[in-house]
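Quick notes on the structure that follows.
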Amino acid sequence: MKRAILVLALAAGAVPFVTAQSEKLDFATLGRIRDEGLARSQVMDHVSWLSDVYGPRLTGSPAMLQASDWAMKKFAEWGLVNVHRERWAFGKGWSLVRFSAHLVEPQVQPLIAFPHEWSSGTKGPITAEVTRAQIATEADFARYRGKLAGKIVLTQPARAVRMLEGPIILRMGEREIAEAETTPVPAPGAGGRGNQAAFRQKLDEFYAAEGVVAVFDRGGNSDMAAGGSDMAWQQQHPDGGTIFPAGSGARDANAGKAVPEITLAVEHYNRMVRVLDKGLPVKVELNVETKFYDEGQPNGFNTIADIPGSDLASEVVILGAHFDSHPYATGATDNATGSAAMMEAARILRTVGAKPRRTIRVALWGGEEQGLLGSRAYVREHFADVDTMVLKPDHAKLAAYFNSDNGTGKVRGIWLQGNMAARPIFEAWMAPLHDLGVATIGPRSVSQTDHVSFDNVGLPAFQVLVDRLEYNSRTHHSNMDTFDRVQRDDMVQQATVVAVFAYNAAMRDEKLPRKALPSPPPRGRGTAQ
Ligand SMILES: [Zn+2]
């Protein structure tokens with residue numbers, strides 16, 4: 001029954017492609033791209049280097065620079081040109097040097113935990129009593145003054161952990177595809193985070209002044225880390241040893257001043273709370289050693305390389321993905337996968353001897369996780385000032401920007417970003433990709449990653465629509481974002497499809513159509529994903 005519906009849907013879906021045949025596609029080259037991409041893929045090798053060898057690639061860490069050096073070497077090997085880094089201001093870099101945490105009383109248990117990024121250290125191993133302190137406002141400071149010196153503080157109450165139920169793998173089926181093809185009415189904007197940040201700063205100062213040696217948390221209050229959706233498969237499960245450390249220490253002049261902050265697996269955290277509630281002591285042996293790096297070395301940078309164009313070489317198609325990751329694992333699905341797909345697309349195009357009319361540029365961004373910093377800096381430097389909407393000459397030269405940042409899944413289509421004029425073009429491009437499962441246009445604007453930096457200044461920018469697989473349930477910003485969660489067949493397809501999109505965009509007579517130019521200041525500037 002399901003199969004019959006699918007066949008009917010494909011037959012119905014075929015009709016609009018007839019009208020879209022004005023797109024001239026170079027099927028001979030597309031055939032070679034598909035053959036090289038599918039039959040001789042190197043994408044998993046790229047993912048392994050980026051995750052196993054250079055992961056995690058935290059912006060401002062030595063590993064990020066090493067990963068960039070490696071990518072530049074590969075670009076040069078494949079014959080890309082203009083291979084370079086572009087720097088922008090970031091603040092202090094950081095890396096973890098050593099970490100261990102053991103419960104030592106009432107019994108010994110190695111703890112599943114990870115320091116927040118940009119956390120300070122403990123200045124050697126310490127053994128300290130654990131205590132609870134629930135501080136929600138400045139009025140609570142008085143209750144704990146003088147009571148926390150030399151202690152490790154549990155900052156939250158215990159959280160109930162439910163059994164896991166429902167699917168945790170998101171392979172898009174009919175229901176999910178149908179949902180992606182709709183345009184939900186956007187929720188009214190939220191605001192007022194400023195006060196929270198100010199209190200956070202005062203709380204950090206209070207802990208430091210009171211002589212607290214470390215603070216422990218167990219992540220968000222929900223037993224599903226990503227709220228706001230009624231679909232279970234869109235949720236993350238901070239349990240089962242998977243943690244999603246969410247906080248970050250300062251990387252400005254306050255860097256290293258707050259006490260060490262560590263996120264624990266909820267099951268280990270809850271155990272401590274229950275023992276303390278019995279009036280028994282809890283002791284932990286803890287060692288956190290971290291390192292900060294001055295801005296003098298390249299902390300914030302993007303890694304750039306070009307496949308030169310021919311008759312339209314001054315126009316550019318950009319393949320972008322954020323290269324940086326959080327430090328809790330190896331940044332495999334976020335976003336070694338997107339970076340590897342873009343790199344592999346470039347390798348495929350060079351290997352088959354594609355001669356694009358426009359320049360195809362690969363841009364591997366830094367600082368995405370801290371707020372799309374790399375792509376924002378690049379757009380400001382080359383295309384437009386988002387605050388004034390004063391355009392630079394190259395603004396007219398960008399044919400299209402394609403981004404990948406939702407994990408390891410195969411490409412099922414493209415998010416249109418509300419760019420209705422691009423729809424028939426993508427439909428024509430996807431028609432010969434139906435056999436690879438590429439058939440869906442999501443009309444809505446998606447946010448929270450680097451294409452938003454381009455979209456905000458009126459450039460035609462798109463995020464590929466991929467199967468999320470375990471991205472939402474396990475790997476996104478967790479301590480389990482490792483190579484083993486990356487699916488080879490999906491990645492091989494993703495890189496091949498990106499190469500096809502890049503080539504089509506570089507070959508068509510016109511640049512991709514644009515939406516109306518936003519007026520300053522633009523709305524929905526997005527945050528890091
Ligand atoms: Zn991310």
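Just so you know, ligand 1 is whichever comes first in the structure, and atom 1 is the first atom listed for that ligand.
- Applying the side-chain hydrogen bond (donor to acceptor under 3.5 Å, both in side chains) test between His382 and each of Glu86, Lys392, His395 identifies Glu86 as the sole match.
- Take the N/O/S atoms of Asp334: the one nearest the Zn ion (ligand 1) is OD2.
- Here the shortest heavy-atom pairing between Ile441 and Arg423 reads CD1-O, 3.8 Å.
- Note on Asp405: not counted as a metal contact of the Zn ion (ligand 1), no N/O/S atom lying under 2.8 Å.
- Just one residue in the list Tyr293, Phe90, Phe292, Trp94 forms a side chain to side chain contact (heavy atoms under 4.5 Å, CB included) with Arg251, and that residue is Phe90.
- Annotation: angle subtended at the Zn ion (ligand 1) by Glu369 OE2 and His477 NE2 is 100°, to 10°.
- Between Trp88 and Phe301, the ring center distance fails the sub-6.0 Å criterion.
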